[in-house]
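Chain letters run A, B, ... following the sequence lines, proteins first and then strands; every chain starts at 1.
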Amino acid sequence: MKMSKMFVQTLREYPSDAEVISHKMLGRAGYIKKLAPGIYTFMPLMWRVLKKIENIVREEMDRAGAQELLMPFVQPKELWEESGRWEVYGKELMRLKDRHDRDMCLGPTHEEIITSVARDSLKSYKQLPVNLYQIQSKFRDEIRPRYGLLRGREFIMKDAYSFDIDEAGLDKEYKNMAQAYKRIFDRCGLETKMVQSDSGAIGGSVSHEFMVITDTDAGENDVFYCNSCDYSANSNHAVSKLADREVDRKEFFNETKIVDTPNTHSIEELCEFLKIPSTLILKSLVYIADKKPVIALIRADKAVEETKLMNAVSGVDIRIASSAEIAELMSEKGFDAVPGFIGPKGMNGIKIIADETVRDMKNFVVGINQTDKHLVGANLSDLGIELNYADIRLVQQGELCPQCGKPLYVTKGIEVGNIFKLGTKYSKPMNAVYTDIEGKTHPYIMGCYGIGISRTAAAAVEAHYDEYGIKWPVSIAPYHAVIVPVNINDELQMHTAQKIYEDLLNAGIEVVLDDRDERAGVKFKDADLIGFPYRVTVGKTITEGLVEYKVRETGEQEKYTPEQAVKILIQNIKNNLK
RNA sequence: CGGGACGUAGCGCAGCUUGGUAGCGCACCUCGCUUGGGACGAGGGGGUCGCAGGUUCAAAUCCUGUCGUCCCGACCA
């Protein structure tokens with residue numbers, strides 16, 4: 001490719017709307033162009049990167065025994081009604097009507113479609129197991145798309161679905177996919193952690209996410225992990241042992257009574273007023289789960305993990321209650337307390353979920369729905385309510401590993417892939433069954449396995465960049481190398497560059513010749529920004545028969561004869577692609 | 001959906017307070033000069049100032065409405 005003809009425009013400045021590294025870099029280097037929020041054109045360089053990732057995914061999925069197909073992007077409502085998700089999925093599902101006024105949607109995921117395809121074709125146990133996948137654009141009408149390709153509305157995804165006759169088969173395929181994913185991300189030059197996670201809206205029981213660990217702002221997930229064993233989990237799923245279970249502190253309160261606690265609207269204010277540690281306070285939080293109030297109780301030095309709470313009440317939608325909703329709840333129960341003084345006492349008929357931390361608390365402080373008052377020296381028996389215990393606690397750094405008891409650490413991660421055990425979540429309601437050896441029918445045992453292709457590309461930038469631009473891993477770089485003649489009007493320089501370029505092309509290397517009549521600085525800046533893994537500069541030293549070879553990743557550079565440079569380049573690239 | 005901000009050339013921005021012939025840098029075109037880390041000079045092309053009303057002799061500027069975009073909170077590959 002000649003740089004002078006390449007359809008790319010690099011910019012002097014970062015796009016003003018970009019917040020995170022990958023968005024800034026990909027925008028400035030001319031890889032992507034925004035059309036609408038979360039909707040981007042993949043420019044030629046970007047498309048080359050995406051195709052590289054797709055091909056790695058294809059090779060590894062095929063090697064793992066999966067078969068590629070391609071399902072429709074536009075889907076009819078009827079299938080979504082069969083699975084029950086037309087009602088449940090919410091506004092992220094982009095709904096539209098065709099000319100006959102029929103309800104349709106843009107595919108955010110394809111469980112319904114693949115299940116309907118499978119049930120028409122997979123009739124016998126003899127045909128199972130099967131794993132089918134596709135690589136395609138998905139559309140999810142995210143509330144707030146952001147971070148460029150990391151959270152788009154339209155994005156490219158690989159989604160795979162497995163069908164087995166029993167759980168054992170699913171377990172085997174689940175492991176098989178986990179191994180394939182490891183190989184895929186390794187080949188993309190990405191270090192990932194496989195972490196336990198919540199199974200979310202797609203449903204099912206067990207799931208793991210593949211996280212690119214990053215120290216940039218783009219990591220939207222907190223990952224807890226143990227250095228002593230293999231435990232790691234997304235914060236929405238992580239569990240821990242408490243480092244401190246010391247809760248009976250009789251020295252503070254030796255009798256149960258109501259005390260005045262004026263203007264203590266926060267835990268901090270209450271601690272300060274009563275001169276007590278926050279571990280002595282039972283915190284009561286009001287949430288709205290599927291439009292109904294739920295009270296969550298937890299030791300006040302800990303925070304509630306909303307996904308866990310949602311699972312504890314089997315809800316699909318949860319958020320903290322507004323002060324108006326709290327006021328409404330109060331008046332319904334005959335109280336008039338303001339937030340800060342809410343408590344479980346007298347809340348009969350409201351679902352109350354207590355975190356495990358509550359179990360051990362004794363002689364604690366709790367709100368009793370009277371403004372400017374708290375009950376001190378309280379015990380659970382004083383509250384006169386029925387508690388449902390569940391782990392709804394957000395793990396904090398320093399708490400202990402649930403497996404081995406050593407301290408847990410936290411880091412940021414970008415989720416680039418996930419694997420789910422679906423079981424019969426879709427096959428049962430959609431009556432997708434096979435016939436066993438005895439002639440009986442059973443629903444398939446299903447699994448699903450996703451990889452965000454475009455997100456993986458962005459995550460690779462987050463993991464490989466410096467102040468000058470992108471440092472693509474060779475395996476997914478748009479081109480392997482760039483040849484830069486410093487002065488194209490110098491016949492020897494240009495002739496040598498041209499020769500190197502052709503030799504590399506003939507060797508199957510994806511190479512760009514920067515034949516633009518620009519100053520060296522411009523070409524170097526662009527080469528660094530675009531992120532070619534290797535650069536060969538043909539400048540003044542060509543009069544001594546030498547060119548300069550430079551590695552983008554390490555900054556390492558060396559002078560060679562043109563023939564040596566070609567040879568080393570070919571060798572390094574081939575080694576890297578193994 | 002709530003809270004904040006912004007819409008002026010492909011990109012980044014000034015002008016608006018106090019109405020009076022639309023500007024700057026980058027990018028683009030021509031010529032010259034230059035050629036190892038985003039040179040320089042001269043000339044040039046490109047904008048219904050998001051859109052619609054209103055006020056006014058006169059609106060990018062003031063008023064009203066509307067659409068769009070970005071940032072902070074609840075989702076997920």
Applying a 4.0 Å non-hydrogen cut-off, can you work out what [X] is touching in the nucleic acid: base, sugar-phosphate, or nothing?
| X | value |
| --- | --- |
| A:V416 | sugar-phosphate |
| A:G539 | base |
| A:G152 | base |
| A:P37 | sugar-phosphate |
| A:L529 | base |
| A:K34 | sugar-phosphate |
| A:E19 | sugar-phosphate |
| A:D159 | nothing |
| A:E142 | base |
| A:T537 | base |
| A:R535 | base |

Classify the side chain of [X] and the base of [N] as holding, or not holding, a donor-acceptor pair under 3.5 Å.
| X | N | answer |
| --- | --- | --- |
| A:R28 | B:C11 | no |
| A:E548 | B:G36 | yes |
| A:R151 | B:C76 | yes |
| A:N487 | B:G36 | no |
| A:D490 | B:U35 | no |
| A:R519 | B:C40 | no |

Between A:D17 and A:L149, which has a closest nucleotide on RNA chain B that is more 5'?
A:D17
Residue whose nearest RNA chain B nucleotide is more 5′ - A:R146 or A:F155:
A:R146
Mate of B:C62 where both pairing distances stay under 3.5 Å, Watson-Crick or G-U
B:G54
Phosphate OP1/OP2 of [N] contacted by [X] side-chain N/O (<4.0 Å):
| X | N | answer |
| --- | --- | --- |
| A:S16 | B:G12 | yes |
| A:K540 | B:G36 | yes |
| A:K138 | B:C76 | no |
| A:R144 | B:C72 | yes |

Quick one: A:H208 NE2 to B:A77 C1', roughly how many Å, whole number?
17 Å
Can you confirm if the NZ or CZ of A:K24 lies within 45° of the ring axis of A:Y14 and under 6.0 Å from the centre of its six-membered ring?
yes
Taking the six-membered ring of A:W86, is the NZ or CZ of A:R95 close enough (under 6.0 Å from the centre) and on axis enough (within 45°)?
yes
Taking the ring of A:H208 and the ring of A:Y174, is the distance between their centroids below 6.0 Å?
yes
Any side-chain donor paired with an acceptor under 3.5 Å for A:K158 and A:Q134?
no
A:E328 atom CD, neighbour heavy-atom count above 12 within 6.0 Å
no
Would you call the rings of A:Y479 and A:F532 parallel, tilted or perpendicular, where under 30° means parallel and over 60° means perpendicular?
tilted
